[in-house]
Amino acid sequence: MTVETERYDPRAVERKWQDEWDRRGVNLFTDDDLKNARDPYYNLMMFPYPSADGLHIGNIFAYTGADVNGRYWRLRGKDVFEPIGFDAFGIHSENYALKVGANPNDLIPQNIANFTRVLRQFGGMYDWNHEVNTTRVDYYRWTQWVFLKLFRGGLAERREAPANWCPSCKTVLANEQVIQGLCERCDSAVEQRSLPQWFFKITRYAQRLLDNIEGLDWSEVTRKAQTNWIGRSEGARIDFPVAEHDAVINVFTTRPDTLFGATYMVLAPEHPLVDSIATPDRSADVEEYRAQVTARDLVERQKVDKEKTGVFLGSYAINPATDARIPIWIADYVLMEYGAGAIMAVPGHDTRDFEFAETFGLPIVRVIAPAEDEDPSAPLTEAYVGDGVMVNSGRFDGLSVADGKRAVVDWLAGEKGAARTHVNYRLHDWCVSRQRYWGPPIPIIHCADCGPVPVPESDLPVELPYLRDFRPDDSGVSPLRRARDWFETTCPDCGSSARRDTDVTDNFLCSGWYFLRYPSARRDDLALDPELTKKWLPVDSYIGGNEHAVLHLMYARFLTMALHDVGVLDFDEPFTRFRAHGLVLSEGRKMSKSRGAVVLPNDIIERFGADTMRLYLLFLGPYEQGGDWQSTGLQGPRGFLNRLWQGVLASEEGPPDGEVERELHRTIKQVTEQTPALQFNTAIAAMMGYLNTVRAGGRTPRRSELEPLLLLLAPYAPHIAEELYARMGHADGIFGNATWPDYDPVKLVGETAEIPVQVNGRLRGVVEMPRDASEDAVLEAARGNENVARHLAAGTVRKVIFVPGKLLNLVVG
RNA sequence: GCCUGGGUGGCGAAAUUGGUAGACGCGCCAGACUCAAAAUCUGGUAGGGGCGACCCUGUGAGAGUUCGAGUCUCUCCCCAGGCACCA
């Protein structure tokens, strides 16, 4: 007998509650609310850049997980601040505008309107009162303020430097934006260009950025990516005098113990000493080689397996250990940007040097031998890079590699002042200038007499003028150079005529501090309200994609440290907890528009509702791993919500059934523990399993059995949970008044337990016994089990393993 | 090459951290309802064998520790991601 009941109509329920939450203002805070919060919890997710394609299902996946975390903590009684905003400056947005022939000033607001609609529809618990938009003057004037704070703190510097130039984007890129020699945006081969650029001195913070990683509650992948990127390596700087020249070549090496094996030297082709030490007869060859190298782009140069090339400079250096004259070469396998831009080549113990020496017939000497020694004079057929003891190294023979490193540096340092220990980092200073239009203008005025002068804070913002023609060109100069009225100004210091810096800042500066701004978003007179900042920061939970591990997340940490050091902040790490979510794939591959395998969130919401979509996304697989989107899978969560709906509508009064109640308490425990740990897939499975129990055998559910389930489900599927909760007579609703259900540990376990019985480690039966049954009792019951008895008949019991309440294993021989 | 993850049914995945492998869901199969279909509901579903109670095999491969291994140890293979002529 089935009773005809009202059908579950997700869209109607969702619209109703989205309006209702707005009306009640449950997610919208005033600054006073924020200041008066008793138990603040700052729940952050990575704000989107509003492309014209609309929100990607991957964004929604990220936001759903973060939103569940936020809603959970709100139900646990915390004051949760969950803001959202738009990261709309930058080359992404500008390139898209160029493509469709529109002006980003006009395009971005439309995109933001689209994004906002979907962000509301999916059920994000956002505080729209504290939205930020990086392209609005009320935000970017403070981005400029941040720039000035760093400038005045001595952390911003303008210098002529070889920079990564993307010929397609027509701008310089930060090192982090160059992937294997290609532009991370457009995959063009990146070239080297020398331009005057603004840099933030992030390298000063290399050790601190590294040290702090230790104490961060962050996903391991992210911590490792940052550690790799900082790339600390310990070694020494060693001086090699150049014979017949008044010059010294300084190298960085991690293997000073191999100094006696340095048989030649290599400088980067761009090394400043090359011109002065190359002999005249070699200069033609040198010039030719350098021309070749510059012509080659970074991709080609960075290929690891290509043949070694290089040119002899005609001059020699003196090996400070052996006093031998060793030839000096240039080769493109030595990079100017790393270490000293020069190396001592030890072909015996470095694979690259070995290859080079073989190619050009340079001497190869063994100076390290494996501890269980062979003949130290035997020729090497490949570089030996393992551990061992020093040989052919004079007084150092017999020392281990580790001891040798110290001893050689100490000796050289004392004897000739020719060495010192040195820690080198891979991390480079952050180039923040962009020769583009769509970004915050750099708040600097160039004066012929005073040099670069910061725009006084009271003159901020430096507004970005509306440029009709904002296309970048090949000149290396920003399109803002076309706005003469705008860039012509007077020097704030001396009053003479001057011009504004026409570059804009890297988009990562906009996104590097937005989380600091959210609480203060309504303050138009201050970047950061001290009271709000103290109350809400640092961020309690940050969830986002790991593609930002070395870009956004590194810059955000650096800016926080820098602002701490200049006295703006009283903490120096921005994110207490960070979790990297996984990727949503489609048929095992990344969703791509070109393959037509793109899932549009608004379609899914229209057809299935936001609650079903949220559940499905989080049910796909482990949140930190991601999963494969298969449209048929939506049926699972949809059926679950349907059955829940029907179950609640058909439920009757009465206390929970004993067995069901035990299951309920187990479910509460599991969901309570797994939700904040972001183990959403298993928490959802537990709720589904519980509903199955409640409905098992077609029984009519009791209200008391379902009401707590609605609360557990509320973070995941907030709309239907609210609706059904209201239908149970709770007019106040869940979000606003309800509290999270508790579980009773006593009710988790039944009086009896099913105890598996093994014979020789193989399962032969299960006996139902009181939970605290003794070994003897269980043993007796086991012997009474027909199947167990049969297997015991084969021999005598030699050993009994009994785990109370868990297992009985009988070893029969 | 180095550093992270990971490898379990047709598929996505679970497994209280050494104690009944495959929870939950998709798909599939059978049945109910229906003139029919969709939707919904009920049952089944790791592989092999047996009418059956049951038995054998099984967590990338191989070895080891253990009463007992998806879980621990060693060797190796494969997949995904990060870094990479970084001295």
Side-chain angles (χ1 to χ4, degrees), chain A residues 2 7 179-180 219-229 231 233 235 251-255 258 266 301-306 308 331-335 337-346 350-353 355-356 385 424-426 546-547 549-550 580 582-583 585 588 615-616 619-622 624-637 639-640 642-643 646 666 669-670 673 679 681-692 695 697-698 754-766 786-787 790 798-803 806-812:
Chain A
T2 42
R7 273 177 64 101
I179 312 295
Q180 312 252 306
S219 292
E220 190 57 22
V221 264
T222 316
R223 291 154 43 108
K224 281 291 175 207
Q226 293 217 342
T227 305
N228 276 345
W229 190 260
S233 63
V251 303
F252 173 70
T253 178
T254 55
R255 297 292 305 275
T258 62
V266 186
R301 180 161 175 183
Q302 289 188 351
K303 277 194 186 140
V304 183
D305 47 358
K306 76 174 199 293
K308 292 280 180 292
D332 67 354
Y333 82 93
V334 173
L335 309 173
E337 315 83 77
Y338 186 79
I343 60 158
M344 62 176 210
V346 184
D350 180 283
T351 49
R352 295 150 303 176
D353 295 345
E355 227 178 280
F356 190 85
V385 295
N424 201 68
Y425 300 91
R426 214 189 74 97
N546 204 44
E547 67 273 18
V550 293
L583 234 49
L585 305 174
L615 278 176
Y616 177 59
F619 190 60
L620 272 183
E624 297 184 51
Q625 211 171 288
D628 200 28
W629 177 281
Q630 293 167 359
S631 305
T632 51
L634 283 157
Q635 294 304 340
F640 168 63
N642 264 327
R643 288 189 290 275
Q646 298 302 337
R666 288 185 187 142
K669 180 175 194 291
Q670 194 174 342
E673 287 168 357
Q679 290 159 5
N681 56 333
T682 46
I684 292 169
M687 290 188 276
M688 288 174 165
Y690 174 64
L691 185 64
N692 291 346
R695 292 165 28 90
E754 290 189 341
I755 297 178
V757 180
Q758 300 180 336
V759 178
N760 288 338
R762 308 189 63 112
L763 183 71
R764 297 302 178 190
V766 176
E786 190 191 333
N787 200 40
R790 196 148 45 79
R798 303 206 180 274
K799 195 169 176 186
V800 177
I801 289 104
F802 178 66
V803 185
K806 279 268 176 75
L807 171 123
L808 180 73
N809 186 15
L810 305 171
V811 185
V812 174

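Every chain is numbered from 1 and lettered A, B, ... according to where its sequence line falls, protein lines coming before strand lines.
A:T227 pairs by the side chain to side chain donor-acceptor pair (under 3.5 Å) definition with nothing, not counting sequence neighbours. Residues satisfying the side chain to side chain contact (heavy atoms under 4.5 Å, CB included) criterion with A:F619, sequence neighbours excluded, are A:I684, A:A685, A:M688.
Taking atom P in both B:G58 and B:U40, one finds a spacing of 40 Å when rounded to whole Å. Comparing B:A15 with B:G22, their C1' atoms are spaced 8 Å from each other, to the whole Å. The C1' atoms of B:A69 and B:U4 are separated by 25 Å, rounded to the nearest whole Å. Annotation: B:A84 and B:G12 have their C1' atoms spaced 34 Å apart (nearest Å). For the C1' atom pair drawn from B:C2 and B:C56, the interatomic distance equals 45 Å after rounding to whole Å. For the P atoms, the distance linking B:U34 with B:G50 amounts to 39 Å, nearest Å. Of the C1' atoms belonging to B:C86 and B:G6, the separation is 28 Å, rounded to the nearest Å. Annotation: B:A23 and B:A46 have their C1' atoms spaced 14 Å apart (nearest Å).
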Classify every nucleotide of nucleotides 48-55 of chain B by which part a protein heavy atom approaches to under 4.0 Å, writing B for the base, S for the sugar-phosphate alone and - for neither, in 5'-to-3' order. ------SS

Do nucleotides 7-17 of chain B as a string where each nucleotide becomes B, S or -: B if the base has a protein heavy atom under 4.0 Å, S if just the sugar-phosphate does, - if no protein is that close. ----SBSS---

Contact letters for nucleotides 63-68 of chain B, in which S counts primed atoms plus P, OP1 and OP2 and B counts the base, heavy atoms under 4.0 Å: ----B-

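Residue A:D350 is out of contact with every strand shown, counting any heavy-atom pair closer than 4.0 Å. Among the protein residues, A:R666 comes within range of no part of the nucleic acid, since none of its heavy atoms lies under 4.0 Å from any strand. No engagement by A:D353 is indicated, since no non-hydrogen atom pair under 4.0 Å with the nucleic acid exists. Looking at heavy-atom distances under 4.0 Å, A:E754 makes contact with a base.
For the pair A:R762 and B:U57, the criterion of a side-chain N or O lying under 4.0 Å from OP1 or OP2 is met. An OP1 or OP2 oxygen of B:A87 is reached within less than 4.0 angstrom by no side-chain nitrogen or oxygen of A:R426. Contact check, A:R695 against B:U42: a side-chain N or O comes under 4.0 Å of OP1 or OP2.
Base orientation for B:U65: anti, the chi torsion being more than 90° from 0.
Rounded to a whole Å, the CZ atom of A:F356 is 14 Å from the C1' atom of B:A87. B:A87 atom C1' lies 8 Å from atom CZ of A:F252, rounded to whole Å. Rounded to a whole Å, the CG atom of A:N546 is 15 Å from the P atom of B:U4.
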Does the side chain to side chain contact (heavy atoms under 4.5 Å, CB included) test come out yes or no for A:L634 and A:W629, once each step is laid out? CA-CA 9 Å; A:L634 283 157; A:W629 177 281; 4.0 Å; yes

Carefully, step by step, assess A:Q758 and A:I801 under the rule side chain to side chain contact (heavy atoms under 4.5 Å, CB included). CA-CA 9 Å; A:Q758 300 180 336; A:I801 289 104; over 6 Å; no

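A distance-only check finds no donor-acceptor pair linking the side chain of A:N424 to the backbone of A:S233 [under 3.5 Å].
With the nearest nucleotide of RNA chain B identified for both A:I684 and A:E220, A:E220 has the one nearer the 5' end.
Between A:E355 and A:R352, no side-chain nitrogen of the basic residue sits less than 4.0 Å from a carboxylate oxygen of the acidic one, so the salt-bridge criterion is not met. With respect to A:E786 and A:R790, no salt bridge is recorded, no charged nitrogen being found less than 4.0 Å from a carboxylate O.
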Output the pairing pattern of RNA chain B as a dot-bracket string, 5' first, Watson-Crick or G-U wobble with both distances under 3.5 Å, | for cross-strand pairs, [ ] for crossing pairs. (((((((..(((......[....)))((((((.......))))))((((....))))..(((((..]....))))))))))))....

